[in-house]
Amino acid sequence: MIQTALREIRRGTAEIIDEARIEILLKNYFEKGQTYTVKAGFDPTAPDLHLGHTVLLQKLAAFQKFGAHIQFLIGDFTAQIGDPTGKSETRKKLLPAQIEENAQSYKSQVFKILDPEKTTVVFNSEWINPLGAAGMLELTTTYNVARMLERDDFDKRHKAGISISISEFLYPLLQGYDSVHLKSDIEIGGTDQKFNLLMGRHLQRVYEIGKEQAVLMMPILEGLDGVQKMSKSLGNYIAVADAPNEMFGKILSISDTLMWRYYELLSALSLDEIEALKIGVENGSLHPKKVKEALALEITERFHSRDAAVNAQAEFERVHAQSEIPTEMDEFSIEGAVWIAKALVDCALSPSTSQARREIKQGSVKIDQIKLSDEQYQLEVGEYILQVGKRKFARLKVTQ
RNA sequence: GGUGAGAUACUCAAGUGGCCAACGAGGGCAGACUGUAAAUCUGCUGAUUUUUAUCUUCGAAGGUUCGAAUCCUUCUCUCACCA
């Protein structure tokens with residue numbers, strides 16, 4: 001039992017520090033019913049969550065199955081400093097109103113994954129504000145500059161002569177102090193958080209709270225391209241708020257290799273179930289596409305509903321397998337006969353008429369399912385279904 | 001503060017007076033093949049209904065020239081070494 005739980009906990013992790021401690025916590029839970037706390041901190045800087053963020057949530061949900069109570073920490077105080085992790089320059093400060101708004105957005109999203117009964121949402125300003133100047137000063141005596149500069153990103157910036165604000169030195173200290181205040185048993189975070197996570201252990205020792213948190217680090221989820229990390233700025237992300245059809249389609253478009261990665265980090269299936277799928281694909285009894293569809297269904301259902309997911313699948317089948325048109329698409333209306341390239345731009349199917357002409361030349365434009373080759377084509381009054389490539393559709397009404 | 005090097009399209013990167021809307025690679029888009037997978041092959045990848053054309057673009061602003069990404073001046077920023 002403990003071993004099964006431990007396997008699930010270990011699943012997909014990049015690194016675990018003090019695994020023995022986790023094992024003891026699990027043992028106490030299974031034998032004596034004792035619960036323990038798992039802390040995870042979130043910067044309320046990014047209101048739109050994508051699947052990359054949910055990797056951590058998924059792990060927290062796994063912990064909840066094995067007796068953990070989650071301390072879902074929203075770093076409203078620390079957000080005022082800005083986490084220096086991975087940044088090459090000092091971050092801009094966030095306004096309190098923005099922080100509040102982002103925090104609310106987080107709360108509404110995370111309970112799609114976490115069990116609210118076993119979760120406490122906390123804000124670190126609650127205990128950092130009362131700390132005051134004296135407490136803050138005390139905190140700073142626990143660490144020194146040389147060790148702070150050992151940290152990779154600080155080191156690079158320091159050597160390159162790029163400014164590091166003193167307040168940024170406080171960030172890891174405060175994050176660590178959160179663990180002191182919350183008396184966390186375990187803290188989880190991304191691999192890039194290692195330094196900050198270890199600070200929690202350090203400070204728990206210094207402040208003598210009688211335990212040192214175990215640390216569990218999750219890898220960064222790759223985006224749709226399978227190479228770079230999932231991020232909004234790279235455009236390779238699946239947002240938690242994506243419409244069901246879009247979400248389903250995006251998941252189905254990932255590569256087979258990446259699919260297993262997503263299974264490992266995002267699926268709620270157990271390791272044994274995933275292993276069974278893998279074997280099925282390898283011996284040919286399962287088609288990889290079916291397996292990917294199952295994943296797409298699971299994830300779409302998680303953020304929407306069973307019905308929405310099933311519909312998305314049916315829709316996908318219609319549009320792509322049978323190359324029919326989707327049931328729903330954006331509708332546009334234009335007055336008077338219009339040049340096709342212009343119409344494509346107006347329907348947001350092409351970014352420019354030049355691009356539209358190229359697309360026509362390459363045979364990717366279809367009107368009512370018929371390929372168009374004449375780039376001078378004029379659309380007369382009537383209703384048309386325009387298509388560019390395989391996935392962009394629009395319904396256009398040309399009026400007098 | 002001193003000296004030197006550099007800034008070219010989404011990214012890297014060639015181009016040192018006209019053949020430059022700018023080589024090449026990556027990325028992206030599209031077509032073929034497929035399972036909207038991967039791999040592979042092909043085309044496209046500043047804008048514009050003048051499309052074997054026109055306009056705008058090579059850090060910014062001026063200047064030289066019939067003609068400038070390329071030469072000159074000033075400015076802004078980045079990097080390296082020294083202090």
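To find a chain, count down the sequence lines: A is the first, B the second, and so on, and within it residues start at 1. Excluded from the calculations below are hydrogen atoms, water molecules and symmetry mates; all remaining heavy atoms, backbone and side chain alike, are included.
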Aromatic contact, A:Phe42 with A:Phe72 (centres under 6.0 Å):
yes

For [X], report the nucleic acid contact type (base, sugar-phosphate, nothing); a contact means any heavy atom under 4.0 Å.
{"X": "A:Lys292", "result": "base"}
{"X": "A:Arg358", "result": "sugar-phosphate"}
{"X": "A:Glu293", "result": "nothing"}
{"X": "A:Ile254", "result": "sugar-phosphate"}
{"X": "A:Glu375", "result": "nothing"}

Say we look at [N] and [M]: how far apart would their [atom1] atoms be, to the nearest angstrom?
{"N": "B:rG28", "M": "B:rC82", "atom1": "C1'", "value": "44 Å"}
{"N": "B:rC79", "M": "B:rG31", "atom1": "C1'", "value": "44 Å"}
{"N": "B:rU76", "M": "B:rA14", "atom1": "C1'", "value": "25 Å"}
{"N": "B:rA21", "M": "B:rU54", "atom1": "C1'", "value": "13 Å"}
{"N": "B:rC77", "M": "B:rA60", "atom1": "C1'", "value": "10 Å"}
{"N": "B:rC72", "M": "B:rC81", "atom1": "C1'", "value": "28 Å"}

Electrostatic pair A:Asp256-A:Lys292, nearest N-O below 4.0 angstrom
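Salt bridge present between A:Asp256 and A:Lys292.
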
Does B:rU48 have OP1 or OP2 sitting under 4.0 Å from an N or O in the side chain of A:Ser352?
yes

Phosphate OP1/OP2 of B:rU49: any A:Thr353 side-chain N/O under 4.0 Å:
yes

Tell me the closest heavy-atom pair linking A:Glu8 and A:Ser270, and the distance in Å.
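So the minimum-distance heavy-atom pair works out to OE2-CA, 3.4 Å.
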
A:Glu208, CD atom: more than 12 neighbouring heavy atoms under 6.0 Å
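Counting other residues, nucleotides and ligands, CD of A:Glu208 stays at 12 neighbours or fewer.
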
From the options B:rC33, B:rU49, B:rG35, select the nucleotide whose nearest atom is closest to the side chain of A:Asp256.
B:rG35

Can you check whether A:Arg205's main-chain N or O pairs, donor with acceptor, with A:Glu212's side chain at less than 3.5 Å?
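Side chain of A:Glu212 to backbone of A:Arg205, a donor-acceptor pair under 3.5 Å: no, none is there.
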
Length of the CG-P vector between A:Asp225 and B:rA39, whole Å:
12 Å

